Amino acid sequence: LREVTNESQIKSQELKRMAEHEKAFNEHQIKLEATIDLLVEDYRNATEKLADTEDAHELAVEHQRALNEQNSNLEATIDLLVEDFRSATEKLVDAEDAGESILNRDVFSLF
């Protein structure tokens with residue numbers, strides 16, 4: 001009877017230990033599942049931020065293209081203005097020369 005009681009106590013202790021191990025395992029599994037959920041959420045957030053960053057980069061590239069085009073247009077406008085200024089300056093010099101020539105002719109005709 002003692003032997004049966006001892007075996008029963010040993011089996012009871014083993015069952016208690018197994019129950020404790022199972023409880024610890026279940027708690028650990030719950031923590032792992034919570035960690036996985038957090039990692040999945042972090043991954044989703046990182047993916048969204050990456051998409052936002054890629055969108056912002058695309059917008060920046062488009063903006064840079066527009067600025068480059070505006071710059072080219074401004075340079076072309078400046079070139080045209082410089083050419084117009086040169087042409088106007090040449091015409092002014094020609095007009096001054098013609099005016100001096102007429103003036104000289106008129107002055108000489110007085111003598």
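On a predicted model such as this, the values are computed, not experimentally measured, just so you know. Every heavy atom of this structure was used, including side-chain atoms; hydrogens, water molecules and symmetry mates were not.
In this structure, H28 NE2 and N26 CG are separated by 11.5 Å, a value rounded to the nearest 0.5 Å. Atom CG of residue N45 and atom CG of residue L50 lie 12.5 Å apart, to the nearest 0.5 angstrom. L15 contributes atom CG, which lies 12.0 Å from atom CD1 of I10 (distance to the nearest 0.5 angstrom). Put simply, OG1 on T35 and CD1 on I30 are 12.0 Å apart, with the number rounded to the nearest 0.5 Å.
Taking a 4.5 Å side-chain heavy-atom cut-off between Ile, Leu, Val, Met, Phe, Trp and Tyr, the cluster of I36 extends to V40.
Under the side-chain hydrogen bond (donor to acceptor under 3.5 Å, both in side chains) criterion, the residue pairs touching residues 52-64 are Q64-N68, with sequence neighbours excluded. Within the structure, salt bridge (Lys or Arg N to Asp or Glu O under 4.0 Å) contacts touching residues 18-47 (residues at least two apart or in different chains) are E41-R44.
Under the salt bridge (Lys or Arg N to Asp or Glu O under 4.0 Å) criterion, R65 pairs with no residue, sequence neighbours left out. The salt bridge (Lys or Arg N to Asp or Glu O under 4.0 Å) test applied to E7 returns no partner, not counting sequence neighbours. Residues satisfying the side-chain contact (heavy atoms from CB on, under 4.5 Å) criterion with E90, sequence neighbours excluded, are absent altogether.
Not a single donor-acceptor pair under 3.5 Å links the side chain of S12 to the backbone N or O of S8. For S87 (side chain) and E83 (main-chain N/O), no donor-acceptor pair under 3.5 Å exists by modelled atom type.
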Go through the steps for N71 and L67 under the test side-chain contact (heavy atoms from CB on, under 4.5 Å), then give the verdict.
-> CA-CA 6 Å; N71 190 41; L67 288 175; over 6 Å; no
